[in-house]
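All figures in this text were calculated on a predicted structure; none of them were measured in a lab. Letters A, B, ... mirror the listed sequences (proteins, then strands); counts begin at 1.
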Number of protein chains: 2
Amino acid sequence: MSDPQFKSWQAIQAEVLRRIHARDWPPGHTIPNEVDLAREFGCARATVNRALQSLADSGLLERRRKAGTRVALHPVGKATLDIPVLRQEIETRSMTYGYRLVERALACAPAALGTDKTALHLIALHYADDVPYVVEDRWINLTSVPAAAEQPFDRISANEWLVITAPYTNGDISFTAEVAGAEQARLLNTDTGAAVFVIDRTTWDHDQTITTVRLTYAPGYRIHTAIGTGMTAK
Amino acid sequence: MSDPQFKSWQAIQAEVLRRIHARDWPPGHTIPNEVDLAREFGCARATVNRALQSLADSGLLERRRKAGTRVALHPVGKATLDIPVLRQEIETRSMTYGYRLVERALACAPAALGTDKTALHLIALHYADDVPYVVEDRWINLTSVPAAAEQPFDRISANEWLVITAPYTNGDISFTAEVAGAEQARLLNTDTGAAVFVIDRTTWDHDQTITTVRLTYAPGYRIHTAIGTGMTAK
DNA sequence: TAGTGGTCTAGACCACCTG
DNA sequence: AGGTGGTCTAGACCACTAG
């Protein structure tokens with residue numbers, strides 16, 4: 001039983017994965033408990049726990065106290081997207097980053113900002129190699145970030161300033177496709193009617209809204225990531 | 001020093017977060033090592049490790065052996081998207097799921113499939129409450145999944161069949177916005193020229209391609225998720 | 001209420017990396 | 001070369017929950 005070849009949690013994870021793929025443990029099957037697996041693999045229970053927890057995080061296993069650990073019937077794929085600051089995103093692609101403030105005004109906040117007070121409205125353009133890359137349409141809650149009122153945002157984008165100045169505890173992000181409106185098509189230097197990728201994001205510090213922003217990317221933008229069990233391949 | 005109130009790794013995580021937000025530990029600062037923190041918090045080093053590792057996973061800390069743990073200069077936001085099977089995605093929204101196979105043919109595989117052999121090409125429609133929800137345009141590598149050749153896919157979608165039959169170790173997914181072509185506009189029962197959300201996904205089993213699929217969602221589709229440090233708020 | 005996963009401890013060794 | 005995080009161990013207690 002005690003097999004000295006499974007010592008690291010990665011090795012155990014790989015073996016469990018193998019058994020799932022080989023249908024030794026088919027979808028829906030309840031696998032042995034941690035104590036038994038630890039005995040079989042000849043390691044501590046904590047090591048088995050680490051391996052199984054990792055697989056549960058990636059959605060392949062479902063674990064419940066007392067009920068045990070089951071192989072997921074419908075493994076929900078999990079994709080982790082990195083949402084870097086725009087400057088970094090562009091510079092990572094070896095392009096020159098540029099920024100231009102288009103509009104800065106105080107106005108009545110939209111509903112999404114969760115405040116009825118006056119808020120700061122910014123519209124800005126981010127460039128990659130002098131080509132419009134994304135339009136940033138942002139509202140900042142001046143109640144939670146009063147310092148923003150003093151900030152011109154003509155050289156440093158709110159995108160960059162906020163991550164350093166106003167940390168958030170919580171956020172909400174969504175992605176969709178839209179037809180470019182006349183104004184945004186003009187800013188992005190593209191045709192009205194082009195399909196644009198849109199990211200809407202709102203962040204809070206505990207229960208107070210900090211900012212809500214709509215990023216409208218130039219046509220052709222593609223967000224990209226890897227999915228998988230963490231096994232390196234290809 | 002030894003403070004008995006920080007016993008769980010979540011409590012330690014919260015305290016570390018507080019110090020970061022309060023600028024006790026500003027961006028770029030190297031925080032005390034695990035041994036010192038464990039002594040300060042009056043807990044085991046493993047507990048501190050768990051808390052810091054969790055924060056490193058969410059991108060707020062950068063850890064390196066010997067160099068220590070630093071507060072990230074540009075906290076890269078991480079968003080975890082759940083990519084459920086389409087049937088589930090639709091039924092979760094309390095809508096009735098429907099499926100119709102549009103085309104099934106053997107043809108020369110596209111480059112993305114990474115094989116020059118004949119592959120199975122499927123086009124199918126998924127409905128929510130009898131309204132077209134998404135077009136599935138899929139290629140299946142018959143070398144890695146020979147059983148797919150026998151499968152009619154007229155009642156069960158490849159989307160569903162594959163997750164049960166052909167597990168993957170690795171994948172690649174990307175999101176973009178496109179203008180609906182004539183064929184897809186017809187299938188989605190929408191106007192040509194509408195902006196549609198597109199997901200491209202390719203999966204491998206180790207180094208062998210299993211399938212590549214393009215999901216074209218009906219206009220208005222929005223993918224949505226939460227971001228944050230795991231602290232529950234709002 | 002009993003079985004299972006979740007977590008903590010105290011100690012140890014190792015792998016990696018910076019200085 | 002030495003400090004730091006990464007991991008493993010053996011044991012313990014706790015929290016949740018299915019039966």
Side-chain angles (χ1 to χ4, degrees), chain A residues 1-17 19-20 25 28-73 229-232, chain B residues 1-17 19-20 25 28-73 229-232:
Chain A
M1 298 304 157
S2 169
D3 191 330
Q5 92 183 83
F6 299 116
K7 289 297 238 173
S8 74
W9 69 267
Q10 289 98 333
I12 292 172
Q13 185 189 45
E15 170 62 11
V16 170
L17 254 181
R19 294 186 185 183
I20 293 173
W25 294 339
H29 182 79
T30 299
I31 77 175
N33 68 36
E34 295 188 347
V35 175
D36 289 346
L37 285 176
R39 188 165 36 223
E40 182 191 347
F41 292 140
C43 67
R45 181 167 82 96
T47 309
V48 173
N49 182 281
R50 174 79 191 254
L52 297 187
Q53 207 154 54
S54 166
L55 288 172
D57 284 343
S58 64
L60 253 81
L61 295 178
E62 291 169 358
R63 322 191 72 196
R64 278 199 313 263
R65 285 159 152 132
K66 166 76 177 177
T69 301
R70 296 195 322 157
V71 179
L73 282 171
T229 49
M231 317 290 301
T232 315
Chain B
M1 298 304 158
S2 168
D3 191 331
Q5 93 184 82
F6 300 117
K7 291 295 243 172
S8 74
W9 70 266
Q10 290 99 333
I12 292 171
Q13 185 189 43
E15 171 61 12
V16 170
L17 254 181
R19 294 184 186 183
I20 293 173
W25 295 338
H29 181 79
T30 299
I31 77 175
N33 68 36
E34 296 188 346
V35 175
D36 290 346
L37 285 176
R39 188 165 37 224
E40 182 191 348
F41 291 140
C43 68
R45 182 168 80 96
T47 310
V48 173
N49 181 281
R50 173 79 192 254
L52 297 187
Q53 208 154 53
S54 167
L55 288 171
D57 284 344
S58 66
L60 253 81
L61 295 178
E62 292 170 358
R63 322 191 72 197
R64 277 198 315 257
R65 284 161 153 133
K66 165 75 179 178
T69 301
R70 297 193 323 156
V71 179
L73 283 170
T229 49
M231 316 289 302
T232 315

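Computed from coordinates, the B:Asn33 CG to C:dC16 C1' distance equals 16 Å when rounded to whole Å. Straight-line distance from the CG atom of A:Leu52 to the P atom of C:dT4: 14 Å, rounded to whole Å. In this structure, A:Ile31 atom CD1 and C:dT4 atom C1' are separated by 12 Å, rounded to whole Å. Taking atom CZ of residue A:Arg39 and atom P of nucleotide D:dA10, one finds them 13 Å apart after rounding to whole Å. Computed from coordinates, the A:Glu62 CD to C:dG5 P distance equals 14 Å when rounded to whole Å. In this structure, A:Leu61 places its CG atom 11 Å from P of C:dG6, rounding to the nearest Å. Rounded to whole angstrom, the span from the CD atom of B:Gln13 across to the C1' atom of C:dC8 amounts to 16 Å. Regarding B:Arg50, its CZ atom lies at a distance of 15 Å from the C1' atom of C:dT9, rounded to whole Å.
A distance of 10.0 Å separates CG of A:Leu55 from OG1 of A:Thr69, quoted to the nearest 0.5 Å. The CG atom of B:Leu73 sits 12.5 Å away from atom NE2 of B:His29, with the distance rounded to the nearest 0.5 Å.
The side chain of B:Gln10 places an N or O atom within less than 4.0 Å of a non-bridging phosphate oxygen (OP1 or OP2) of C:dT7. Phosphate proximity of C:dG5 to A:Gln53: absent, as no side-chain N or O sits under 4.0 Å from OP1 or OP2. Proximity of A:Asn49 to the phosphate of C:dG6: a side-chain N or O atom is located under 4.0 Å from OP1 or OP2. Residue B:Arg63 has no polar side-chain atom (N or O) positioned under 4.0 Å from OP1 or OP2 of D:dT4. Side-chain N/O atoms of B:Thr69 include one lying less than 4.0 angstrom from OP1 or OP2 on D:dG5.
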Using nucleotides 13-15 of chain C, report all nitrogen or oxygen pairs with the protein that are shorter than 3.5 Å.
| residue | atom | partner | partner atom | Å |
| --- | --- | --- | --- | --- |
| C:dA15 | N3 | B:Arg65 | NE | 3.2 |

Passes side chain to side chain contact (heavy atoms under 4.5 Å, CB included), A:Val16 versus A:Val48? Steps please.
CA-CA 10 Å; A:Val16 170; A:Val48 173; over 6 Å; no
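Distance from the side chain of A:Glu34 is smallest to C:dG6 among C:dC8, D:dG5, C:dG6. Considering only side-chain atoms of A:Lys66, the nucleotide from D:dT7, C:dA2, C:dC17 that sits closest is C:dA2.
Listed here is the closest heavy atom pair of B:Ser54 and B:Gln13: OG-NE2, 2.8 Å. Shortest non-hydrogen contact noted between A:Leu61 and A:Val71 is CD2-CA, 3.9 Å. Between B:Gly59 and B:Ala72, the shortest heavy-atom contact is O-CB, 3.5 Å. Heavy atoms only, all atoms of each residue included: A:Ile12 and A:Cys43 are closest at CD1-SG, 3.5 Å. Nearest heavy-atom pair, A:Trp25 versus A:Pro32, reported as atom, atom and distance to 0.1 Å: CZ2-CD, 3.7 Å.
Residues B:Ala46 and A:Val35 both approach DNA chain C. Their nearest nucleotides, taken by heavy-atom distance, put A:Val35 toward the 5′ side. Between A:Arg64 and A:Thr47, the residue anchored closer to the 5' end of DNA chain D is A:Thr47, taking for each the nucleotide with the nearest heavy atom.
Salt-bridge formation is not detected for the pair B:Glu40/B:Arg45: no Lys NZ or Arg NE/NH1/NH2 atom is positioned less than 4.0 Å from an Asp or Glu carboxylate oxygen. Salt-bridge check for A:Arg63 with A:Glu34: passed, with a basic side-chain N closer than 4.0 Å to an acidic carboxylate O.
A rotation axis mapping the C1' atoms of four pairs onto the next four is fitted at both ends of the helix from C:dT1-D:dA18 to C:dT18-D:dA1 over five pairs, and the angle between these axes is 20° to 10 degrees.
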